[in-house]
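First up is the structure itself, then whatever we jot down about it.
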Amino acid sequence: MKLYCLSGHPTLPCNVLKFKSTTIMLDCGLDTTSVLNFLPLPLVHSPRLSKLPGWVSKDGSINLEKELKECGGRVFVDSQPELCLPERELMDLSTIDVILISNYHCMMALPYITEHSGFTGAVYATEPTLQIGRLLMEELVNHMERVPKAQTATCWKNKEIQRLLPGPLKDVAEVWAWKRCYTIQEVNSALSKVQLVGYSQKVVRVLHQELFGAVQVSPLSSGYSLGSSNWIIQSHYEKVSYMSGSSLLTTHPQPMDQSSLKNSDILILTGLTQMPTANPDGMLGEFCSNLAMTIRAGGNVLVPCYSSGVIYDLLECLYQFIDSANLGSTPFYFISPIANSSLEFSQIFAEWLCHNKQSKVYLPEPPFPHAELIQTNKLKHYPSIHGDFSSEFRQPCVVFTGHPSLRFGDVVHFMELWGRSSLNTIIFTEPDFSYLDALAPYQPLAMKCVYCPIDTRLNFHQVSKLLKEIQPLHVVCPEQYTQPPPAQSHRSDLMLELPAPPLPYRRCSVLSLPFRRRYERIHLLPELAKSLVPSEVKPGVSVATVSGMLQSKDNKHTLMSVPRPPPAAPTKKRKRVAEEPPELLAPKPLLSGAVPLDGFLATLHKHGVSEVKVEETADGHILHLQAEDALIQMEAHATHIVCDNNEPMRTTLRDLVLRFLQKL
Amino acid sequence: MPEIKVTPLGAGQDVGRSCILVSIGGKNIMLDCGMHMGFNDDRRFPDFSYITQNGRLTEFLDCVIISHFHLDHCGALPYMSEMVGYDGPIYMTHPTKAICPILLEDFRKITVDKKGETNFFTSQMIKDCMKKVVPLNLHQTVQVDEELEIKAYYAGHVLGAAMVQIKVGSESVVYTGDYNMTPDRHLGAAWIDKCRPDLLISESTYATTIRDSKRCRERDFLKKVHETVERGGKVLIPVFALGRAQELCILLETFWERMNLKAPIYFSTGMTEKANHYYKLFITWTNQKIRKTFVQRNMFEFKHIKPFDRSYADNPGPMVVFATPGMLHAGQSLQIFKKWAGNEKNMVIMPGYCVQGTIGHKILNGQRKLELEGRSTLEVKLQVEYMSFSAHADAKGIMQLIRMAEPRNMLLVHGEAVKMEFLKGKIEQEFSNIVLTINLKHTFLTYYLEKGTLPDPKKPRTMHGTLIMKENSLRLVSPEQAMKELGLSEHHLRFTCRVQLQDPHSDADTLHRIYMHLKSVLKGYTTQHLPDSMSVMVESIVVKVSSSTEDPNTKVLLLSWSYQDEDLGSFLSTLLKKGLPSVLC
């Protein structure tokens with residue numbers, strides 16, 4: 001069993017597991033941190049951005065002023081932002097049978113894997129994961145295509161040139177894995193390959209009309225987002241658990257199913273919190289108080305966020321907070337091409353929500369209170385800043401919009417609009433991007449910045465407690481989890497500490513998983529089962545010798561009786577019996593035990609062998625059967641019968657010896 | 001010998017009080033717990049005494065599963081759990097869990113408050129009963145206990161309707177509840193995977209008919225409504241608040257929009273608005289088209305259909321009114337019916353089945369004079385139409401489901417006793433052969449798989465092993481492994497046989513002749529010529545040649561083999577005793 005690691009990002013994983021004869025891809029996360037190296041895509045012409053100076057090396061030998069621009073002492077690529085894809089050369093993607101998706105954040109690279117690669121398999125995901133994942137992909141495509149860039153910068157990627165560039169561009173790895181965003185056609189085609197699954201559903205892959213009955217996968221609730229799941233991949237005797245973004249906090253999704261992860265041979269552990277030192281509840285409190293403070297002072301609040309996920313919790317928190325903080329008349333805007341869809345979809349997945357929200361639909365009421373915020377006009381949503389929004393927009397206000405990298409989407413416009421006033425505040429809630437890097441191309445900024453990253457995924461303390469309970473034999477995890485974060489190298493509590501050290505992986509690793517396959521399931525057909533003769537060798541333990549025909553097909557094994565050869569014609573049979581060598585059939589059973597001298601002599605006597613001379617040797621005895629001219633050597637663990645070619649006599653002696661021995 | 005036992009506790013050949021007891025692999029499961037609308041006495045509920053004569057329900061039943069919210073499938077639930085007494089789990093889908101208590105409460109109100117019956121379940125009992133409900137998600141495998149698992153499939157029919165697969169070990173049963181194999185305007189078609197159950201229990205409401213196309217029925221319905229409205233008449237459509245009502249609303253709504261009609265459509269108040277809200281929140285249970293477009297336009301937010309007020313019934317001019325309940329036995333639909341019955345311009349359309357004794361049933365049978373309470377009679381002049389819109393599978397649909405699931409046996413509920421007995425016998429017969437499942441040591445298996453890879457890996461191979469039976473586990477291992485595990489030491493039994501042979505040749509030639517002879521006889525065995533040690537080896541049997549000290553023409557052969565090669569050793573010694581053939585090929 002092998003694990004191919006195609007992504008180095010611990011929360012946006014992409015691994016491939018070869019398990020028995022099945023090739024399974026676990027998630028296909030798209031690393032978007034690469035976009036931080038690009039200039040923002042403004043929705044309306046920005047004189048500031050267009051006047052930035054181009055970059056020329058100090059000695060003037062390299063001139064990339066068309067591709068690279070300098071801003072605030074940093075160099076940015078002036079091109080359509082590119083995304084860092086999973087490794088596509090490490091293995092043949094067309095051999096993948098199944099892709100398992102654990103949550104909508106971890107599927108964003110799907111079109112790069114399933115399209116133009118010869119992929120013919122199926123993708124498994126839950127319904128909320130598919131629907132919200134589709135929205136997020138559509139949003140990404142929309143953001144990119146709304147502001148087309150004429151040129152694509154490629155010269156700077158040349159190895160010789162890249163190493164001469166200033167940091168951080170100089171140090172970015174895998175620049176050749178960076179690609180432009182996919183098209184909506186590719187998204188639709190990729191998502192048409194998704195098959196929906198429910199929690200705890202046992203999925204057996206159907207391939208070419210035959211069941212690969214040996215491998216079964218099933219998703220379990222992971223508690224992180226709507227429809228998010230961990231996966232169990234198992235055969236009858238082996239169990240691999242795949243944990244991706246999981247949460248034990250009580251937010252909107254269904255709680256995490258922990259007990260089903262027990263007794264795994266291998267646990268692949270990814271998607272822990274990126275903010276191990278930030279407490280989500282504390283961050284939420286800080287978010288609210290900063291928001292209220294800014295509004296009271298007459299400023300605007302900008303919240304760069306994803307259009308699904310934590311935003312539901314933020315809105316719910318604000319729903320309770322608005323009146324007590326006197327924000328009843330402050331407009332809240334949610335601007336995204338998918339804002340309406342995201343809010344609507346969140347209300348129809350009752351089955352995937354926590355118990356409290358689930359019971360609301362029985363009343364029937366919408367599970368999330370943002371329905372009420374919309375009804376009372378406190379929250380308004382718009383597809384973009386153009387159109388209705390521009391005429392209805394009032395300040396001071398709170399705007400939720402993407403993309404959290406601040407490189408594309410409507411957020412770019414608000415940065416340009418509000419950045420120069422110290423009355424305004426930007427509050428970062430998403431943990432995926434360093435806020436300093438995100439802000440770099442907007443410097444110098446007057447607006448206040450508040451960093452309240454909310455990451456509900458498991459922290460190291462929670463995960464070590466969880467691992468103690470579920471007790472996997474081996475843990476495989478990204479190498480980042482095996483040492484403290486570089487900035488906090490003394491914090492040994494911010495790493496995985498396990499009794500057996502975990503197996504670390506990095507981008508492009510190929511791991512052989514320590515797996516001791518011990519048993520297989522085999523079916524014994526009734527006819528053969530009936531012919532067995534069990535004997536009790538010890539109290540409670542019986543054994544039987546089994547000989548049968550083994551048939552193995554598609555990892556399924558069946559043992560049946562050996563078909564008897566058709567009887568030959570009786571006339572020929574007699575003649576042939578001696579001529580025909582015995583068929584290679586059942587070998588004789590193994591013998592065990594010992595032959596006691598006195599007992600054996602008595603038996604010989606009973607069968608008319610009375611002239612026996614017993615000779616004592618170092619290891620036992622030699623019996624001389626004088627009348628028969630035969631010799632029996634007897635030792636504790638061996639008996640040797642030596643005689644002339646007198647077959648009847650030999651078989652008699654053989655059977656007498658066998659009487660004393662156990663057969664297996 | 002294992003068997004699957006099916007006992008219907010509900011009515012025999014009638015629609016109503018569905019309740020089936022299934023015993024499989026030592027587990028007892030109750031499928032649905034319905035009531036009969038046509039009875040007011042004991043016959044209203046299933047006969048639980050079949051179980052309770054031997055003890056409490058909770059001890060007997062492992063779980064109860066409800067397929068959908070129609071009262072003939074869940075109406076007896078509070079009676080069963082709170083009055084007869086059952087504390088175990090009750091499984092149903094989320095929409096069923098949401099809607100079922102409302103229908104039960106409605107049913108209770110009509111029975112107790114209106115008809116004044118006592119000895120009936122209370123509102124509190126409905127609440128307590130619903131606390132025992134565990135919601136089911138589609139396709140989720142729910143482990144009821146270590147051996148029993150259940151899984152729900154989409155059944156169409158009404159919002160939240162499910163078929164269930166019940167599995168114990170390798171045996172399984174699928175129960176369909178009511179289902180619909182053709183998608184309609186708001187629900188999808190039932191679907192199940194090729195799960196090959198041992199038994200498929202299917203509803204058979206329309207088992208003997210193949211119905212005309214739904215499109216025809218819809219066109220008919222719209223034509224009748226349209227004509228009545230055009231001539232200024234009023235149309236009354238008695239419905240139950242959930243289910244067909246939404247289907248017909250969507251139908252009329254789109255028709256009104258397409259034809260640009262102005263006549264008002266009303267939906268009697270009360271549950272209906274609430275009901276539409278359920279449909280909005282459970283949109284994932286509707287059909288593909290509605291799910292796809294719900295963000296832009298929610299099909300359950302009707303533009304033309306407005307809530308009804310009692311006073312509207314006297315308004316002049318045409319209108320269409322949906323009113324509850326569906327069989328005209330009480331409530332608003334009956335009130336409106338009384339008002340409109342005298343005018344032949346008006347029309348009542350009965351879109352579903354009516355139980356005997358209800359006014360709906362009477363007028364459908366052509367009765368034109370109705371006796372009402374207070375000895376007044378009502379003359380029925382308005383047109384009466386019946387149009388079946390209930391979503392059940394017909395014979396074609398049932399066959400389609402069989403092709404999907406590929407069951408080994410099939411049971412139609414509402415079947416005759418003789419048929420059932422026959423099927424039961426067949427089931428028992430089918431299950432006399434059980435396949436033993438055992439654990440096979442992996443290394444042992446690979447040994448055999450690798451040994452046999454040539455020339456044809458697909459060809460079955462003979463395998464010899466030792467089956468260890470210990471603490472209910474069966475393991476097949478190699479005999480050597482079994483010895484080791486059981487702490488036994490091997491006892492080697494060997495034989496050496498002396499054979500004298502007349503062969504006037506040198507020892508080396510004799511050896512060669514023996515080799516040639518054995519090789520020609522023992523095809524398929526490995527035979528080796530070892531002149532250095534003056535021996536021939538057949539598999540692991542050694543044949544050693546030497547001359548007799550007295551006569552060089554008499555050769556002495558020593559054959560030596562272990563007990564494991566007994567058959568071959570015995571054969572060789574007999575063969576060589578006969579001497580060598582003079583001509584060797």
Side-chain angles (χ1 to χ4, degrees), chain A residues 127 197-202 340-341 344 347-348 350-351 361-362 364 517-526 529 534 537 540-552 559 562 578 581-582 586-593 637-645 647 650 657 661 664, chain B residues 94 97-98 137-141 274 277-278 281 283-284 295 433-442 445 448-449 460-471 476 479 482-483 486 488-499 521-522 525 563-564 566-568 570-571 573-574 577:
Chain A
E127 181 160 15
V197 291
Y199 284 151
S200 306
Q201 180 180 349
K202 294 176 179 170
N340 185 25
S341 300
E344 288 285 337
Q347 305 287 20
I348 65 159
E351 283 109 312
V361 297
Y362 298 149
R517 218 192 288 177
R518 297 176 56 208
Y519 286 96
E520 291 284 336
R521 184 163 289 191
I522 184 168
H523 291 297
L524 211 61
L525 291 191
V537 286
V541 183
S542 300
V543 294
T545 309
V546 181
S547 288
M549 293 278 271
L550 174 70
Q551 200 166 44
S552 299
L559 199 58
V562 181
K588 294 293 172 197
L590 288 187
L591 304 174
S592 65
H637 297 301
T639 302
H640 191 176
I641 300 174
V642 183
C643 60
D644 270 339
N645 194 0
E647 194 59 11
R650 188 186 67 83
V657 170
L661 297 174
L664 272 189
Chain B
H94 285 271
K97 187 185 171 188
N137 290 351
L138 281 184
H139 302 165
Q140 174 190 16
T141 311
K274 212 173 170 185
H277 216 87
Y278 280 117
L281 291 172
I283 211 104
T284 52
V295 177
N433 271 350
I434 15 150
V435 174
L436 262 184
T437 305
I438 58 178
N439 302 342
L440 172 67
K441 184 89 182 162
H442 182 251
L445 173 70
Y448 273 100
L449 290 181
R461 291 163 286 271
T462 334
M463 173 182 240
H464 312 285
T466 303
L467 189 65
I468 303 181
M469 291 161 263
K470 190 179 167 187
E471 291 158 3
L476 186 62
M483 284 262 189
L486 297 169
L488 302 173
S489 52
E490 193 182 345
H491 190 101
H492 299 277
L493 177 58
R494 288 195 69 79
F495 304 95
T496 300
C497 237
R498 218 170 12 235
V499 180
V521 176
L522 297 169
Y525 287 80
Y563 177 62
Q564 267 62 46
E566 171 68 8
D567 289 342
L568 187 60
S570 165
F571 170 79
S573 63
T574 317
K577 198 175 176 185

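In the text below, chain A, chain B and the rest are named by the order of the sequence lines, each starting its count at 1.
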(message) Please rank A:Val546, A:Val642, A:Val657 by heavy-atom pairs under 4.5 Å with chain B and give me the top one.
(response) A:Val546

(message) Rounded at 0.5 Å granularity, tell me how far CG in A:Leu550 sits from CD1 in A:Ile522.
(response) 5.0 Å

(request) Flag the one option from B:Ile283, B:Val499, B:Thr284 with the top tally of heavy-atom pairs under 4.5 Å to chain A. (result) B:Thr284

(message) Quick check on A:Leu661 against chain B: is it the side chain, the backbone, both or neither that has a heavy atom closer than 4.5 Å?
(response) side chain

(request) Keeping the roles fixed (side chain from B:His491, backbone from A:Gly593), state whether a donor-acceptor pair exists under 3.5 Å. (result) yes

(message) Could you check whether A:Tyr362 and B:His94, counting side-chain N and O atoms only, form a donor-acceptor pair closer than 3.5 Å?
(response) yes

(request) Look up atom CD1 in A:Ile641 and atom OG1 in B:Thr496, then write down how far apart they are to the nearest 0.5 Å. (result) 9.5 Å

(request) Pick one of side chain, backbone, both or neither for A:Glu127, based on which atoms fall under 4.5 Å of a heavy atom in chain B. (result) side chain

(message) Looking at B:Thr141 and A:Ser200, would you say the former's side chain and the latter's main chain have a donor-acceptor pair under 3.5 Å?
(response) yes

(request) Heavy-atom distances under 4.5 Å only: say whether B:Leu281 touches chain A with side chain, backbone, both or neither. (result) both

